[in-house]
Amino acid sequence: MQFIFLTLLIMKEIEITTKLGNSLSADEIRTAAVKALGVSPKMKSQLKYRIVRRSIDARNDILYRYKVEVCRPDEVMEEYALDEYKDVSNAEPIVIIGAGPAGMFAALKLLMRGFKPVILERGKDVHARKFDMAKLSREGVVNPDSNYCFGEGGAGTFSDGKLYTRSSKRGDIREVLHQLVRFGADPSILIDAHPHIGSDRLPIVVENIRKCIVEHGGEYHFDSRVTDIVKRPDGFFDVTVNEISPRASLGRDDIVISSEAESRVEKSAVYTSRKVILATGHSARDIYEMFDRKGWEIQAKGFALGVRVEHPQSLINKIQYHGKYQPYMPTAEYSFVTQIEGRGVFSFCMCPGGILVPAATASGELVLNGMSNSQRNSKWANAGVVVQIEPEDFPEYAQYGPLALLNFQRDVERKMFEYTGSLKAPAQRMMDFCRRIPSSGLPQTSYHPGAENAPLHELLPEHVSLRLKYAFPQIGNKKMHGYYTNDALLLGVESRTSSPVRIPRDPETFEHVQIAGLYPCGEGAGYAGGIVSSALDGINCASRV
């Protein structure tokens, strides 16, 4: 066992390493604390400690590396505490458009501050949503309002529940992590360097958040797609939605509505609020188009596009653990970034022990995403490997103004669908892709709709295809020996990495640059990229409100 001591103010932070499979005991921590603090061994049992972080170090021996704060018994070790939620049944309502991480955490912050969140969500509650996703995977039927991107919890709910953001520049991430634990997430997310909840467990957390909001007087309105936002002369907003009858909202005593769309009727409803938080997610194209029609400022924004790459998980385990993988070790993951001809090429949303799923939000389009359950126990590993794209890279789309890359994104997704004529994914073996030759056959895939042998190197935009061609051998030769293999399958297309549009806002007030009282928020506004960063942005917007 090795100890490294780092001095802080009153407390000290110590680093302790243990072999994977060994638990770190209180006695071991206090033994290290005695040395770090320079106190008598007689004080050992009284020393205070807190595990701050745990990460895996696979550079030589496979180790857990812990960072632990320790202090003397007479010193104060402050514990993080969340604010309490208030009863807001009769408080001022604030409309939140979208029930993804940004919308949910904005709502929780409003509860703390004494405002009533009224959440409008175009999709269904997290349980009814599963039926539509199953129909999408098995029958190829896309519900444009309820799918892997739209519905309670947003896209991250069924995409592994990765919580990789650790940067504090957006705010205090402890608020997000402690909230998630309060609502049912495993406490290990508080210390793990790469925490995840899992697509099998996150829906329960999301449902518990909703129950808390409703119990404290907030409102949820599902099947409520926003069709118009109007700011009145008196400064209030009228937000018009198409609601699905017979009952689109969940209140204190409501029961989950039926998932049978055929028995429902659309009707309009209007919600009025002095301020509106817009947290619609990165795929709400109709919202961007509404802004464009109204002449409200939006901007074309760079995003990334590429393929999902699927390897046998056993191969990734072998690579990342240098052939030392044992069944008790965590399923191996990976990430990389490189530069090819002036553009970033990087892995995105890596799902160890995961599966591939269809993530289209409209008929006639093909989009792939990945997900894992909490055990990460499938036999495949998948990740997006994507190329950075900027508006100037495709001048032929400049005619669409701020919607230039949105239209580019849509056209690529349609091209993939048109090739197979279904949700089957155009696919090619990795080395064949890089050599620009057809694959003679395809390996088995986790993607339920299936894969179709295709010249993916021709179907992708040349800007993307050529950079991937050079990136894969480079990664395999320099960073992950064995990664570049024809046992790896590339499937198209991974295109929903982030929003291709930004809704500009004032950096101090977080309000839209033209419309006071309207707060663009989260991934859909172009200010976040994942569950934690979106949640933090929701908290920040609610704080400004």
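Residues: numbered from 1 along the sequence shown. The structure presented is a predicted model; accordingly, all values stated were derived computationally and were not measured.
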What's the spacing between Leu177 CG and Ile531 CD1 if we round to 0.5 Å? 11.0 Å
Pair Glu452-Thr420, side-chain hydrogen bond (donor to acceptor under 3.5 Å, both in side chains): steps then yes or no: CA-CA 7 Å; Glu452 183 171 319; Thr420 65; 5.1 Å; no
Flag the pair Phe303 / His282 as yes when their ring centroid distance falls below 6.0 Å, and as no otherwise. no
One should read off an interatomic distance between Ile287 CD1 and Ile229 CD1, to the nearest 0.5 angstrom, of 5.5 Å
With no hydrogens and no angle check, is any side-chain donor or acceptor of Ser137 less than 3.5 Å from a backbone partner on His448? no
Roughly how far, to the nearest 0.5 Å, is OG of Ser498 from NZ of Lys301? 3.0 Å
Under a 4.5 Å cut-off applied to non-hydrogen side-chain atoms, are Leu136 and Leu423 in contact? yes
Using every non-hydrogen atom in the two residues, find where Thr331 and Gly353 come nearest and quote the distance to one decimal. CG2-N, 3.9 Å
Using side-chain heavy atoms (C-beta onward) and a distance below 4.5 Å, is Leu111 in contact with Pro117? yes
Just so I know, are the side chains of Leu180 and Leu163 near enough to count as touching, which here means a heavy-atom distance under 4.5 Å? yes
Kindly give the heavy-atom pair with the smallest separation between Ser273 and Val95, and that separation in Å. OG-N, 3.2 Å
Minimum heavy-atom distance Gln299-Pro504, with the two atoms named: NE2-CB, 3.7 Å
dist Leu366:CG -> Lys424:NZ (nearest 0.5 Å) comes out at 12.5 Å
Check whether Tyr519 forms a cation-pi arrangement with Arg544 (NZ or CZ under 6.0 Å from the six-membered ring centre, at most 45° off the ring normal). no
For the backbone of Ser372 and the side chain of Ser199, can you confirm whether one donor and one acceptor N or O come within less than 3.5 Å of each other? yes
Can you list the steps and then say if Val142 with Glu365 is a side chain to side chain contact (heavy atoms under 4.5 Å, CB included)? CA-CA 9 Å; Val142 180; Glu365 298 172 359; over 6 Å; no
I'd like to know if the side chain of Ser224 reaches the main chain of Phe222, judged simply by a donor and an acceptor atom lying under 3.5 Å from each other, with no hydrogens or angles considered. yes
Give a yes or no on whether the backbone of Ser374 and the side-chain of Asp200 come within a donor-acceptor separation of less than 3.5 Å. yes
Side chains of Arg502 and Tyr527 in contact at under 4.5 Å (non-hydrogen atoms): yes
So with a 6.0 Å cut-off around CD of Glu508, is the heavy-atom count from everything else above 12? no
Given side chain to side chain contact (heavy atoms under 4.5 Å, CB included), test Ser495 with Val412 step by step and report yes or no. CA-CA 8 Å; Ser495 53; Val412 174; 5.8 Å; no
Is it the case that the side chain of Glu243 and the backbone of Lys267 share a donor-acceptor pair, with hydrogens and angles ignored and the cut-off at 3.5 Å? no
Do Leu368 and Glu494 have side chains that approach each other closer than 4.5 Å (heavy atoms only, starting at C-beta)? no
Glu413/Arg285 ion pair, N-O < 4.0 Å: yes
Between CH2 of Trp296 and CD1 of Ile515, what distance do you get to the nearest 0.5 Å? 4.0 Å
Of all heavy-atom pairs linking Thr280 and Phe150, the shortest is O-CE2, 4.2 Å
Counting N and O atoms only, with roles assigned by atom type, does the side chain of Ser378 sit under 3.5 Å from a partner on the main chain of Ile355, one being a donor and the other an acceptor? no
Could you tell me whether Glu511 and Lys231 have a side-chain N and a carboxylate O separated by less than 4.0 Å? no
Straight-line distance of Arg129 CZ to Glu152 CD, nearest 0.5 Å: 8.5 Å
Within 45 degrees of the axis of the six-membered ring of Tyr80 and under 6.0 Å from its centre: does Arg174 put its NZ or CZ there? no
Under 4.5 Å between any side-chain heavy atoms of Val241 and Tyr271, yes or no? yes
Which heavy atom in Arg308 sits nearest to a heavy atom in Phe348, and how many Å separate them? NH1-O, 3.8 Å
Please determine whether the number of non-hydrogen atoms from other residues, nucleotides or ligands lying under 6.0 Å from atom CZ of Arg138 exceeds 12. no
To check you understand the geometry: which heavy-atom pair defines the closest contact between Thr445 and Ala451, and what is its length? CG2-CB, 4.2 Å
Do Pro144 and Arg225 come within less than 4.5 Å of each other through their side chains, counting heavy atoms only? no
Output yes when a side-chain donor or acceptor of Asp292 lies under 3.5 Å from a complementary backbone atom of Tyr288, and no otherwise. no
Do Tyr148 and Arg496 have side chains that get closer than 4.5 Å, going by heavy atoms? no
Kindly determine whether Asp411 and Tyr397 satisfy side-chain hydrogen bond (donor to acceptor under 3.5 Å, both in side chains), including the steps that lead there. CA-CA 11 Å; Asp411 284 351; Tyr397 284 87; 2.7 Å; yes
Show your reasoning for whether salt bridge (Lys or Arg N to Asp or Glu O under 4.0 Å) applies to Asp286 and Arg293. CA-CA 10 Å; Asp286 52 339; Arg293 287 195 306 272; over 6 Å; no
Any sub-3.5 Å donor-acceptor pair from Ser534's side-chain atoms to Gly530's backbone N or O? yes
Is the distance between the ring centroids of Phe408 and His463 under 6.0 Å? no
For the pair Asn147 (side chain) and Asn143 (backbone), establish whether a donor and an acceptor sit closer than 3.5 Å, ignoring hydrogens and angles. yes
Report the C-alpha separation of Leu110 and Ile96 in whole Å, then their side-chain angles, then the decisive distance to 0.1 Å, and conclude whether the side chain to side chain contact (heavy atoms under 4.5 Å, CB included) test is met. CA-CA 10 Å; Leu110 291 179; Ile96 300 172; 3.9 Å; yes
For Asp192 and His194, indicate whether the former's side chain and the latter's backbone hold a donor-acceptor pair under 3.5 Å. no
Assess the residue pair Lys130 and Glu207 against the criterion (salt bridge (Lys or Arg N to Asp or Glu O under 4.0 Å)); give the C-alpha distance rounded to whole Å, side-chain angles, the decisive distance to 0.1 Å, and a yes or no. CA-CA 13 Å; Lys130 292 180 181 178; Glu207 182 180 24; over 6 Å; no
Please check if the number of heavy atoms outside Gln399 that lie under 6.0 Å from its CD is greater than 12. yes
Could you check whether atom CD of Glu396 has more than 12 heavy atoms from other residues, nucleotides or ligands sitting under 6.0 Å from it? yes
Go through it in stages, so that I can follow the logic: the residues are Tyr220 and Met104, the test is side chain to side chain contact (heavy atoms under 4.5 Å, CB included), and I'd like the CA-CA distance, side-chain angles, deciding distance and then a yes or no. CA-CA 10 Å; Tyr220 267 75; Met104 290 190 300; 3.9 Å; yes
